[in-house]
There are 2 protein chains.
Amino acid sequence: MTLQFLAMRRDMLSMSKTLPRPVTAETTMFEIAQLAGVSESTVSRALSGSPLVNENTRNRILKIARSANYTVNINARNLRQKRTRTIEVLIPLAEYGRQHMSDPFYLDMLGVLADALSERHYDMLLTKRAPWAKGVETNSIQCGRADGIIIMSQGQDLEALRSFTDLYPQVVVWGGHLREDDYIVVGTDNVAGGKLATEHLMKIGRKRIAFLGDPAEPEIALRQEGYRKAFSDNGIAVDESLIFSAPFDAREARASAEKMLQSGVKFDAIFCASDVIAMSAITTLRNAGLEVPRDVSIVGYDDILIASSFGPSLTTVSQRIQDGGKTMVDLLLQRIEGKSVDTTLLPVELIVRESCGAQ
Amino acid sequence: MTLQFLAMRRDMLSMSKTLPRPVTAETTMFEIAQLAGVSESTVSRALSGSPLVNENTRNRILKIARSANYTVNINARNLRQKRTRTIEVLIPLAEYGRQHMSDPFYLDMLGVLADALSERHYDMLLTKRAPWAKGVETNSIQCGRADGIIIMSQGQDLEALRSFTDLYPQVVVWGGHLREDDYIVVGTDNVAGGKLATEHLMKIGRKRIAFLGDPAEPEIALRQEGYRKAFSDNGIAVDESLIFSAPFDAREARASAEKMLQSGVKFDAIFCASDVIAMSAITTLRNAGLEVPRDVSIVGYDDILIASSFGPSLTTVSQRIQDGGKTMVDLLLQRIEGKSVDTTLLPVELIVRESCGAQ
DNA sequence: CCTGTTTCTGCAACGGTTTTCATCGGCTAC
DNA sequence: GTAGCCGATGAAAACCGTTGCAGAAACAGG
C-alpha cells in the first residue's frame, strides 16, 4: 500500500545568482614563454618533464607557470598526441522509468576503477549506452574521446559485443568466460564459484539447496552451471524444481523470492546469484516468519561492501572487486600500448559469515 | 566472525590474445572533402547541419562520410570551439581500503545524470577527488576538459568548496541550503523533510521518536534541525538522549544501531537520516528480536530505488532523485551559457510505506 | 687552433576542425 | 544594362600545444 502524501510545497524557493564571469583556459603557453624569455618548445618540455631541458630553466619556468596559474590545454595536447589518457567505462546504470539494475556492485567497482585509473593519471568517462546501441552514431575510441573502453557487463547482445570488439581491440570486458569469445575478459571463475558455494551448503548439512538467479545474464548462467556441477560431482541428482531462474533483475528479487515461497517447494538453503538477491531473499523469508540461517541458509555472490554489515552478514563468493578492477585497468592500458594481453580468470574465494549458519 | 577459506586457486587461467590492430581516428575531413570534390569547410558545414550548405551537397557528403566510416575528431573540434560538451561529475565514491561511503543513492543519481546529460548530447566525466584536494594540480574546467562540474556532496571542507566556486562559477552542487553560500545548490528542503518525517511519526501515535544520523554532513544537520522543529512547533521538548548523532558513515550504520539498542534508551520510532541507515536499523532491530513496524516505526530519507522493494518497504522522504538530477543538469547548462540562474529547493514529499506501520 | 661531442634551445611543421571573410555565379528589380 | 542581392562555396586564419631537426654554446681532446 503506497499511500502518498504531499506536503510543504513551498514553491521552489529561489535566490538569484549573479551571472558567472566566464572563466576558461585563458593563459597560453606562448605567454609563459614570453615571461620566461624562452621559446614555447622549452616551456612545453619543461612542463612535461623532458630531460632535454636544463634544471635551472625548468624551475624558473615552473615557477612562472604556477604563479600565472597556467595549465596546458588538454584538447590541444590530445589533438597533437593522438591520445587522451581517458578511458570510457560502460555500465548499464539505474534507469527510473523502466526497471533496470541498480546493483551496489557497480558502485563499488566504479570506486575501484576510479582509483586505479587516477593512479595512472587517466580520466574516466562514464556511459550507459553501448556504442552499438541504436541511436549512437559513433564510439569514443574512433572519435578520439577515449583511448579504450571498459565494459562492465556482457549484456544481452553478445553478438554485437563480439563484432564491436573485433573492430576495436582496445576493450576489456567484465563478465563470464565464454569459449567462443575473442575479446579480453576479466571476471571470477563463475563455475568454480557456484560449485564452491553449493558445496559449502552441502557440507554444513543442507539437503534441499535452491538456486535463485536469472541465467539470461551469462555470468549467472555459469554460476548455475557450477551449482549443477556440485551435485553431479557428488553423485546427487539435481532437483529441477529447486532452480528458480525466472527472469528478473535485482529490484524484482523480492517478488521472486516470494514466488519461491508460494511455490510450496521445500528448501533449507538458497544459493543466490548476487548479494542483492541474497539480501532480498533474507528479508522476504523473515517476513514470512522464517529465520536465517536457522531455517534457511543463504549464500550470495559478489561480496559487495555492505555484505559484511548486513544483518545477518552475508556468506558470499567474493568477486574480488578490488583485484578485478585493478586488473581490468592494467590489461587495458597494456593492450593500448600494443602489448599482447591475456584474458584473466580471477580465483574464487568463499567468505563465510553469518547468513549460512555457523559451521 | 569472518572466517575465510580459499579454494580452487587454479592459478589465473589464461588464454593469450592477439595483438590489437591499432584502430584510431584515421580518416580526416580533408579526405572526405577530396572524395566529395568540395572543400573542408563545406564538409564541416554539412556534418554540423549548417543551413549554409546546399541540400544535395549535404546529402552527397553525408553518404560519403558514412561509407568511409568517418567521424569528426573530437579533440580538434574541442580545441577550435573552446568547449567540450562534457560535464564532470564529482562523487565521493566507495573506497575499499578505508571505510567510505557507498550509498546506492549515488548510483541512482548517476543513472539520472547520465540520462539527462546524454539527452543533451553531453558526456560525463566521473571523478572522486575534488579539484581542491591536495595532489590535484588543476581542474577540468581550467584545462579545458569539461565545461562545468556537478558536485554531489558539499563534503567536509565547506571553505574550499566556497572558494573554488568563487573562482569557477560553472558549478552546481547537490546538498543543503546554507545561508552563507554563493554557489548554486540543488537539493530538497532538508529541514522541511525532517519535520515532515518526524510529524508523521507523531501523527501515527509514536511517543519516543529517535534520530539517527551524522550531523557532520550539512544535509543531515538540516534534517536534524527539522526533527527538532517538529517537536518545538508542537510544543514538546526534545529529549536529547534520543538523538544518536555519533559520526559514522553508511557502512557503520549497523554498529551504530546496535549502540543505540545497548544504550538502554527506550524508543518506539526512528527517523533515519538516509534509507541505507534505515535498512541497517531495521535488520539490527530484528536481530534483537524487535519487530518493524510493530515495535518500532522507521522512516528513512532519499527514496532510493530499492526502498520500495525492501522488506518491509521503506517509508521515506523522497529526494526526488529524478527531478533533482534533471534540474542540476538544466541549471548547469544554463549557467554555462551565461544565463542567470537560481538556486533551487526541491519540494519535499513523504512516501508512506510499510516500515512505519499502517496509519 | 681545430675538430668532435655534448648539452641545451629555437624554428617551424604539423594535428584536424571551425569560422570569418571573400568570391562567384545567377537572379531580380529598376 | 546595371546595381544589388542571395545562396553556395572556398581560402585561410585561427585554436594551442608537441616534436623532429638544426643550430648554438660550451667544453674536451688532440
Side-chain angles (χ1 to χ4, degrees), chain A residues 22 24-62 64-65 68-86 138 140-147, chain B residues 22 24-62 64-65 68-86 121 138 140-145 147:
Chain A
T24 50
E26 64 302 337
T27 348
T28 96
M29 194 171 267
F30 177 76
E31 303 176 47
I32 304 296
Q34 295 279 305
L35 287 169
V38 294
S39 73
E40 301 174 49
S41 338
T42 308
V43 176
S44 173
R45 284 190 271 254
L47 294 178
S48 66
S50 157
L52 288 171
V53 65
N54 182 289
E55 202 52 33
N56 299 326
T57 330
R58 155 171 300 117
N59 289 335
R60 188 159 45 89
I61 294 177
L62 283 180
I64 292 175
N69 197 24
Y70 169 77
T71 310
V72 284
N73 181 307
I74 289 288
N75 297 304
R77 167 184 296 179
N78 288 349
L79 174 59
R80 184 63 229 252
Q81 298 194 146
K82 294 186 162 206
R83 64 125 168 211
T84 59
R85 284 195 156 276
T86 300
T138 182
S140 51
I141 295 178
Q142 174 168 22
C143 74
R145 198 190 285 290
D147 300 337
Chain B
T24 51
E26 64 301 339
T27 347
T28 90
M29 194 171 265
F30 177 76
E31 303 176 48
I32 303 297
Q34 296 280 305
L35 287 169
V38 294
S39 73
E40 302 174 48
S41 334
T42 308
V43 176
S44 172
R45 284 190 272 253
L47 295 178
S48 65
S50 156
L52 287 171
V53 65
N54 182 291
E55 203 51 32
N56 299 326
T57 330
R58 175 198 314 283
N59 290 334
R60 188 159 44 89
I61 294 177
L62 283 181
I64 293 175
N69 197 25
Y70 169 78
T71 310
V72 193
N73 181 307
I74 289 288
N75 297 304
R77 169 182 296 181
N78 288 350
L79 174 58
R80 180 63 227 246
Q81 295 192 150
K82 295 185 162 202
R83 64 128 166 210
T84 58
R85 283 196 157 278
T86 300
H121 306 286
T138 181
S140 50
I141 295 179
Q142 174 167 24
C143 73
R145 198 191 285 292
D147 299 339

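Heavy atoms only: backbone and side chains are in, while hydrogens, waters and symmetry mates are out. Throughout, protein chains are lettered first and strands after them, A, B, ... in sequence-line order, and every chain is numbered starting at 1. Remember, predicted model here, so these are calculated numbers, not experimental data.
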Among residues at least two apart in sequence or on other chains, which ones pass side-chain hydrogen bond (donor to acceptor under 3.5 Å, both in side chains) with B:T57? none
Please give, in whole Å, the distance from D:dC16 P to A:E31 CD? 9 Å
Looking only at side-chain N and O atoms, does A:N54 come under 4.0 Å of OP1 or OP2 in C:dC8? yes
Taking atom C1' of C:dG16 as reference, at what distance in whole Å does atom CZ of A:R77 sit? 18 Å
Starting at OG1 of A:T42, measure out to CE of A:M29 and round the result to the nearest 0.5 Å. 10.5 Å
Distance check needed: C:dG10 C1' versus A:L52 CG, whole Å only. 13 Å
Quick note, A:N73 side chain, CB onward, closest among D:dT18, D:dC16, D:dG10 is D:dC16
Separation of D:dG10 P from B:M29 CE (nearest whole Å): 13 Å
By nearest atom, which of the nucleotides D:dA8, D:dC16, C:dT9 is closest to the B:L79 side chain? D:dC16
Which listed nucleotide (D:dG17, D:dG20, C:dT17) is nearest to the side chain of A:R80? D:dG17
Quick one: B:L47 CG to D:dT9 P, roughly how many Å, whole number? 14 Å
To the side chain of B:R45, which of D:dG17, D:dG10, C:dT17 is closest? D:dG10
What's the verdict on side-chain contact (heavy atoms from CB on, under 4.5 Å) for B:N73 and B:T28, showing C-alpha distance, side-chain angles and the deciding distance? CA-CA 8 Å; B:N73 181 307; B:T28 90; over 6 Å; no
Are any of A:S44's side-chain N or O atoms less than 4.0 Å away from OP1 or OP2 of D:dT18? yes
Hey, does the side chain of B:Y70 come within less than 4.0 Å of C:dT17's phosphate (OP1/OP2), counting only N and O? yes
Which nucleotide in the set D:dA11, D:dT18, C:dG16 lies at the smallest distance from any side-chain heavy atom of B:S41? D:dA11
Atom pair distance, as rounded to whole Å: CG in A:N78 and C1' in C:dC14: 16 Å
How would you label the contact of A:V43 with the nucleic acid (heavy atoms, under 4.0 Å): base, sugar-phosphate, or nothing? nothing
Indicate the atoms forming the closest heavy-atom contact of B:D147 with B:R85, along with that distance. OD2-N, 2.8 Å
Which nucleotide in D:dG20, C:dT19, D:dG10 has an atom nearest any side-chain atom of B:Q81: C:dT19
Which nucleotide sits closest to the side chain of B:T28: C:dG10, C:dT17, D:dT18? C:dT17
Looking at C:dT17, D:dT18, C:dT9, which one has an atom nearest to any side-chain atom of A:T42? C:dT9
A:K82 side chain N/O closer than 4.0 Å to the phosphate oxygens (OP1, OP2) of C:dG16? yes
Reckon B:T57 has a side-chain N or O less than 4.0 Å from the OP1 or OP2 of D:dT9? yes
For B:T71 and A:C143, work out which heavy atoms get closest and say how close. CG2-CB, 3.5 Å
Atom CZ of A:F30 and atom P of D:dT18: how far apart are they, to the nearest Å? 16 Å
With the side chain defined as heavy atoms from C-beta on, B:A76 is closest, among C:dA12, D:dT9, C:dT17, to C:dT17
The complete set of salt bridge (charged side-chain N to carboxylate O under 4.0 Å, His left out) pairs with one or both residues in residues 41-58 of chain A, sequence neighbours excluded, reads A:E55-A:R58
B:Q142 has an atom CD; how far is it from atom C1' of D:dC16, in whole Å? 15 Å
